[in-house]
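Here is the structure we will look at, set down as structure tokens.
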Amino acid sequence: MKRTARHIGIGFAAMLLAGAATAQPQPAFRNPDLPAEQRITDLLSRMTVDEKIDALSTNSGVPRLGVPNFGSSEGIHGVVQRGSDKRHLAPIPTTQFPQPPGMGASWDPDLVRQAGGVEGHEARYITQTARYGRQILMLWGPQADLARDPRWGRTEEVYGEDPFLNGTMATAFARGLEGDDPKYWQAAPLLKHFLANSNENQRTSTSSNFDDRLFWEYYSLPFRMAFQDAGASGVMASYNAWNGTPMAINPVLRDVVINLWGVNVVSSDGGAVKLLVTAHKRFATQKDAVVATLKAGINQYLDTYKDEMRAAVSEGTVKEAELDEALRRKFRITLKLGLLDPPERVPYSAVHDGPAPWDGAADQAVSRKMALESIVLLKNAGHALPLRKDRLKSIAVIGPLADSVHWDWYGGHPPHATTPLEGIRDAVGPSVKVNYAADDAKGAAVAAARASDVAVVVVGNDPTCGPNMANEWDDSGTRPCADPGDGREGRDRVTLTLAQEELVKKVKAANPHTVMILVSSFPYTINWSQRNVPAILNMAHASEDEGWALAQVLFGAYNPGGHTIVTWPASMADLPPMMDYDIRHGRTYMYAKQKPLYPFGWGLSYTRFRFARLRTDRSTLARDGRIDVAIDVTNTGRVAGDAVPQIYVRYPNSRVARPALQLAGFSRVHLEPGETRTVHVPLKATQLAYWDQGRKALVVEPGTVQLMAGSSSADIGLRQDIEVR
């Protein structure tokens with residue numbers, strides 16, 4: 001058994017030893033050649049009722065039978081193992097990518113898949129390396145919700161406002177976590193939070209209200225794409241209600257998520273069962289709530305439930321067969337991870353010991369590329385960027401975010417973290433004087449700007465609204481942020497105004513050669529800066545390589561190619577009321593009624609691109625078919641760069657109201673100066689479906705569909721009609 005311990009970690013080895021001691025001959029559930037359902041039936045037959053109830057927690061193991069726990073860890077942009085003094089756990093460093101808005105801004109699904117692969121591999125390494133002794137093979141991510149409103153405090157956790165973009169990225173990240181073996185998974189994704197969870201204030205009791213069309217066409221689409229296209233099979237129910245019924249007991253969990261999409265693990269959120277009693281007031285007791293959630297499909301509890309479940313079984317309210325049904329789904333994940341199979345059959349069992357992957361060249365290369373591709377050039381008047389190091393004698397680096405890489409609530413402990421100040425200092429070297437000022441106390445920022453050839457001012461939000469977020473919770477979420485433009489989990493933003501824009505104004509007045517770096521979790525109404533500051537770069541928080549990547553872009557070693565993933569409104573007055581979940585009332589680029597500050601899909605470059613010859617491989621599209629959409633992209637400038645051609649659709653003659661514009665495909669392509677490449681984007685007819693309420697089905701209607709191509713939702717220069725038959 002020593003060989004087994006080396007392969008799968010000390011905790012797993014102990015359980016296998018226990019199993020071997022009590023099971024002679026080998027039980028059927030350990031036979032990898034038997035059908036999965038037969039193996040699970042055998043396992044369930046050997047478990048006691050108490051063991052079954054225990055396995056409904058985040059600990060899925062059965063120690064007496066040697067069944068390992070697949071465990072869990074937060075993981076939307078890196079494995080989270082920050083440590084715990086209370087549990088005597090030391091922090092474990094892991095690769096930390098930009099927050100999901102940054103990954104989304106890359107518009108590069110393959111790179112997002114690689115990031116998921118890094119995370120899944122690091123989770124395996126931690127799980128199977130004896131010195132750690134932690135089981136974390138179910139990663140809580142990706143976050144598949146939609147950023148329908150920029151005031152949402154958790155905008156920092158999602159890929160954007162568009163369902164196809166979010167679904168594509170969630171699918172890619174899930175695939176990366178799972179790995180590329182045809183039989184086994186590297187790690188298991190658990191998507192968050194189902195469904196329509198995009199307000200924080202009073203989220204524990206509010207209801208997100210909208211019709212079935214928006215359920216199928218918008219809010220559930222990213223989840224469905226990840227379940228169906230990546231085979232992801234875990235999800236967490238959100239705190240809120242949908243149309244009055246809390247998600248933890250909503251019939252849609254069993255009717256659609258489990259029965260239609262085949263999802264196996266359906267988890268409650270932390271404390272969500274209790275909230276059915278206290279906040280939603282749907283049940284009189286915790287036991288009633290526990291029973292109701294089990295029957296609704298919940299089979300993983302992040303709440304008090306064990307004594308209540310035992311009492312319910314004892315009195316007959318819950319049948320043992322219902323426990324078996326819940327655990328059957330859960331143990332499918334155990335088998336998919338290869339935890340009951342001989343290590344030599346599971347390729348990922350070899351991931352253990354040796355050098356830490358987060359310190360290795362492979363993981364660091366993905367981290368650096370993601371940091372680079374996440375940066376969006378919002379403005380670049382008069383070719384203010386890139387800066388020429390050989391023409392600089394001094395540079396001011398100013399701002400409260402200049403010398404920090406901000407931690408966020410779902411971020412882990414990085415192996416290193418390069419701040420903007422450090423990245424710029426490393427890039428310019430000793431020949432250029434760097435004048436640093438964190439703020440304008442005693443005129444420090446103005447003095448630094450005046451004393452320098454160019455000023456770089458780094459501003460943005462604090463993802464946790466200060467260092468004490470863990471102690472600032474109440475029954476409805478977290479307390480208000482000191483800055484009303486900030487938001488976080490449990491608290492929505494009061495304003496879209498960037499308070500630190502006042503610092504930008506002072507710096508710009510002191511030095512006209514000012515570059516603004518906005519490190520933010522969400523959009524701001526920076527109208528003054530857009531009018532007056534020569535160049536503006538935007539990036540998300542939390543990348544371990546934040547400062548290095550920023551310096552590469554500032555000084556022209558890398559040409560930015562990121563694009564916005566939400567509509568940046570020019571005024572908060574342009575937004576519907578926060579709790580209006582009907583996006584048709586003016587939300588997102590699909591239904592917006594006012595001109596935005598920055599449109600969805602916007603991003604500039606140090607070079608120029610020309611799009612030409614939009615065409616398809618056929619003029620008609622079968623309602624169950626697909627076509628190839630092609631477009632020629634040429635780099636007409638003098639430096640290499642990445643273009644992001646975007647394909648949109650419109651339905652001029654639809655029998656129902658459709659979006660004014662709808663993203664249907666995209667690609668990120670690298671081009672050398674003067675190079676032309678033909679970009680191919682697949683378009684499935686199913687992407688064009690709408691929900692027919694009368695037929696209770698997604699329907700692809702015949703008729704004309706207009707294809708459009710451009711560099712953003714507001715810059716569309718090419719059009720072609722196709723016929724759907």
Side-chain angles (χ1 to χ4, degrees), residues 57-58 72-78 80-87 89 91 99-100 140-141 143 145 147 149-158 190 192-208 236-241 246-248 267-283 286 289-290 293 298 300-305 406-413 461-495 521-522 541-542 578-579:
S57 68
T58 55
S72 62
S73 170
E74 297 284 2
I76 60 173
H77 63 95
V80 179
Q81 290 293 293
R82 290 196 295 262
S84 168
D85 292 338
K86 186 176 181 180
R87 297 169 59 197
L89 294 175
Q99 294 174 311
W140 293 1
Q143 233 280 34
D145 278 311
D149 191 303
R151 292 168 292 192
W152 182 31
R154 297 182 81 171
T155 301
E156 66 182 17
E157 297 184 29
V158 303
L190 181 86
K192 303 194 300 184
H193 302 89
F194 193 86
L195 181 77
N197 175 199
S198 54
N199 67 279
E200 293 304 295
N201 296 355
Q202 306 299 321
R203 62 179 181 165
T204 57
S205 59
T206 56
S207 178
S208 304
M236 181 179 288
S238 54
Y239 289 122
N240 59 285
M247 290 310 306
S267 178
S268 68
D269 204 341
V273 179
K274 180 181 179 182
L275 291 170
L276 295 173
V277 178
T278 60
H280 288 290
K281 302 187 185 305
R282 293 298 294 260
F283 302 101
Q286 182 79 357
V290 167
T293 53
I298 298 294
Q300 179 168 281
Y301 285 88
L302 278 66
D303 209 325
T304 300
Y305 80 95
H406 267 279
W407 169 77
D408 66 273
W409 192 242
Y410 291 108
H413 184 76
N461 72 297
D462 180 347
T464 58
C465 299
N468 199 36
M469 181 174 171
N471 299 313
E472 295 182 344
W473 293 80
D474 57 33
D475 290 341
S476 62
T478 48
R479 297 169 193 164
C481 299
D483 181 346
D486 273 357
R488 59 183 177 183
E489 180 173 358
R491 181 59 53 178
D492 292 317
R493 305 166 71 194
V494 177
T495 178
S521 305
F522 24 61
H541 287 287
M578 184 65 182
M579 287 307 298

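Residue numbers start at 1 and run along the sequence shown. Values reported hereafter were calculated over all heavy atoms of this structure, with side chains retained and with hydrogens, waters and symmetry mates removed.
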Item to check | Any side-chain heavy-atom pair of Met247 and Tyr239 under 4.5 Å | outcome: no

Checklist entry - Do Asp149 and Ser198 touch side chain to side chain, with heavy atoms closer than 4.5 Å? => result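 No, their side chains stay 4.5 Å or more apart.
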
Next on the checklist: Applying side-chain contact (heavy atoms from CB on, under 4.5 Å), can you list everything that pairs with Asp474, at least two apart in sequence or on another chain?
Outcome noted: Ser476, Arg479

Next on the checklist: Taking ring pair (Phe, Tyr, Trp, His ring centres under 6.0 Å) as the definition, give me every residue that meets it alongside Phe283, ordered by chain and number, with sequence neighbours left out.
Outcome noted: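 Counting only residues at least two positions away or on another chain, Phe283 forms no ring pair (Phe, Tyr, Trp, His ring centres under 6.0 Å).
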
Next on the checklist: Under the rule for ring pair (Phe, Tyr, Trp, His ring centres under 6.0 Å), what residues qualify as partners of His406, not counting sequence neighbours?
Outcome noted: His541

For [X], give me all partners under salt bridge (Lys or Arg N to Asp or Glu O under 4.0 Å), at least two apart in sequence or on another chain.
{"X": "Asp145", "answer": "none"}
{"X": "Arg154", "answer": "Glu157, Glu489"}
{"X": "Arg491", "answer": "none"}

Next on the checklist: Under a 3.5 Å threshold, yes or no: a donor from one side chain and an acceptor from the other, between Tyr301 and Thr293?
Outcome noted: yes

Checklist entry - Could you walk me through whether His193 and Gln143 pass the side-chain hydrogen bond (donor to acceptor under 3.5 Å, both in side chains) check? => result CA-CA 7 Å; His193 302 89; Gln143 233 280 34; 3.2 Å; yes

Next on the checklist: Can you tell me which residue among Thr155, Asn461, Asp486 is in a side chain to side chain donor-acceptor pair (under 3.5 Å) with Ser521?
Outcome noted: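 Answer to the side chain to side chain donor-acceptor pair (under 3.5 Å) test with Ser521 among Thr155, Asn461, Asp486: Asn461.
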
Next on the checklist: Tell me if a side-chain donor or acceptor on Asp303 pairs with a main-chain N or O of Lys274 at a distance below 3.5 Å.
Outcome noted: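 Checking the backbone N and O of Lys274 against the side chain of Asp303, a donor-acceptor pair under 3.5 Å is found.
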
